[in-house]
Number of protein chains: 2
Amino acid sequence: MSEPKDYKIAAVDRALALLEALADRPDQGVTSLAKSLGMTKSLVFRLLHTLEERGFVSRDPERAEFALGYRIGVLGERLGKDGALLYAARPVMDALRDQTSENVNLVVREGLKTYVLATRAGRHSIRLFAQAGRNGPLHAGGGSLLLLAYADPSVIDAALSQPLEAFTPYTITDRAKLRQALERIRANGYNIVLNDLDEGAFSVAAPITGADGTIIASISVAGAVARFDEERRESHLRAALDAAAEISERLSIHGPGENGLVKSRA
Amino acid sequence: MSEPKDYKIAAVDRALALLEALADRPDQGVTSLAKSLGMTKSLVFRLLHTLEERGFVSRDPERAEFALGYRIGVLGERLGKDGALLYAARPVMDALRDQTSENVNLVVREGLKTYVLATRAGRHSIRLFAQAGRNGPLHAGGGSLLLLAYADPSVIDAALSQPLEAFTPYTITDRAKLRQALERIRANGYNIVLNDLDEGAFSVAAPITGADGTIIASISVAGAVARFDEERRESHLRAALDAAAEISERLSIHGPGENGLVKSRA
DNA sequence: AACGATGTTTCACACAATAAAACATTGAGA
DNA sequence: TCTCAATGTTTTATTGTGTGAAACATCGTT
């Protein structure tokens, strides 16, 4: 689209493409990898050799097939599960904030609480509950209810058997109504709430799917109800769903967008 | 100490060294990384750019510091915890088998059972209990007892409150004696047993430490007691301990051996 | 025994990775 | 406010190095 300048260094990029290919389908041989990536055998061989010396790929004892190496596991463990999610979400959160001009929150569940992984402050200064590192309730707030809706039934039961604090007059504390709300969230695939956690605030939340297909987090747009008309409701919802989809795609094993195989001719 | 042939492709190797450096110490800037790796700023910059485009490194919103990216987490998760251990151990197991000519087993704990991750068959054909993918008891066998010894006290209590099957006349089924044995294992830092799981077999087991410093697995040398004299007892023990240490080092965040930084200081 | 497929090695050339240095930007301190 | 120092970014020339093609070796199969 724009930049004629390409700072990518090709050899490294190809090596990373190789790793992605191995993650996507392990136990491939040199020829198979070369074919599917459009590289020559000798190149793949040397890339694999380099990666193997550092433990980033591992070869079968039978000396035939390759897979991701232990070092990837070690580094990945170092990052932690939240780290991957957080870093995958970061640029998307920035974009979502710029799009909506509202607050953006990334929230996960932690037992019977929620945990705010990161936030982006919108243009308008409004103090909301969400703040990075903070724990919150599971039964109030756009992202919280969404996470609860997609949690294991046993978690839902446990959460609903606790006392349900009313943070505002609009907080749903009736268990039957709460279960109804959860059902509607699952039917819709998103959640929109008003005033239930922070008085005067709306929240539009969308679900983020992890590599294993389960819902692992929520991203939400939040701001003052005064600015929340029908048009914004639509646009924020779409933006949140798109953002959630993009993060989910990044976290999927197939990776974002094209897998970057640069086609040379013939 | 042999092959002058170097198939490593330098650019890729440097990129991997960069990743290791970031894993070792995150939130570094271009200059700092360049200095500690002995590379030029522009090179580091372009490496980081390439890695970032694929999500293998992530930059702070404040546009200053870098860390491992989400894609590493995704690929690492794909490998699984056992995968990293298994692949790190593979070549070491091969070497250990070649050194000792005996069977080699890699075992982890799974609840109140053990799980055999991988085995290597020694030169002499002897059928032992261990077989990849198999579950075993926690109170008999060289690796099993070792894992139990280093397990959480609650796990030990739970394991000892079960009925303790006597696989051979030599299996320790007396709970007090078992606890004594565990204590001695912890004092020694290894475990040697004879005939307690497989009649006529010895087992010399050493503990493998994960990245977090806890003992996560056992590697053991096993064979027929007929071949187990005092000299072999010593050599096998040393070999097993060395192998365990090497695997542990591979799994540590600092990585195996030198981190490949070519020192050139001014 | 001959084949076909695979992994491995060699080699020469073009181009892409590299280092050096100029430039831009930021923040600190006087 | 101005200056200085440190950092990230960009440019450019040269060389070294990554690259593809093709030869070679090593299997397993028919």
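For clarity, every value in this text was computed on a predicted model and none was experimentally measured. Reminder, nothing fancy here: chain letters follow the sequence lines and each chain counts from 1.
Between A/Y7 and D/dT11 there is a side-chain polar atom (N or O) within less than 4.0 angstrom of OP1 or OP2.
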Can you check side-chain contact (heavy atoms from CB on, under 4.5 Å) on A/R134 and A/T114, steps first, answer last? CA-CA 8 Å; A/R134 214 168 183 182; A/T114 61; over 6 Å; no
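Taking atom CD on A/E65 and atom C1' on C/dT8, their separation rounds to 17 Å, with Å as the unit. D/dT19 atom P lies 13 Å from atom CG of A/L37, rounded to whole Å. Atom P of nucleotide D/dA23 and atom CZ of A/F45 are separated by 19 Å, given to the nearest angstrom. The nearest whole Å value for the distance from the CZ atom in B/F66 to the P atom in D/dT7 is 14 Å. C/dT9 atom P lies 13 Å from atom CG of A/L48, rounded to whole Å.
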Just the table, please: protein N/O against nucleotides 13-20 of chain C N/O, every pair under 3.5 Å.
unit_1: C/dA17; atom_1: OP1; unit_2: A/A10; atom_2: N; d: 2.6
unit_1: C/dA17; atom_1: OP1; unit_2: A/A11; atom_2: N; d: 3.4
unit_1: C/dT18; atom_1: OP1; unit_2: B/R14; atom_2: NH1; d: 2.6
unit_1: C/dA19; atom_1: OP2; unit_2: B/T40; atom_2: OG1; d: 3.0
unit_1: C/dA19; atom_1: N7; unit_2: B/S42; atom_2: OG; d: 3.3
unit_1: C/dA20; atom_1: N6; unit_2: B/S42; atom_2: OG; d: 3.1

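Between B/Y7 and A/H49, the ring planes are perpendicular. Angles over 60° get that label, and only those under 30° would be called parallel.
With a 4.5 Å cut-off on side-chain heavy atoms, B/S101 and B/R227 do not count as touching. A heavy-atom distance below 4.5 Å is found between the side chains of A/I247 and A/L85.
Every residue was checked against the side-chain hydrogen bond (donor to acceptor under 3.5 Å, both in side chains) condition with B/Q99, not counting sequence neighbours, and none meets it.
Salt-bridge check for A/D24 with B/R78: failed, with every basic side-chain N at 4.0 Å or more from each acidic carboxylate O.
Checked by distance alone, A/K41 brings no side-chain donor or acceptor within 3.5 Å of a matching partner on the base of D/dG20.
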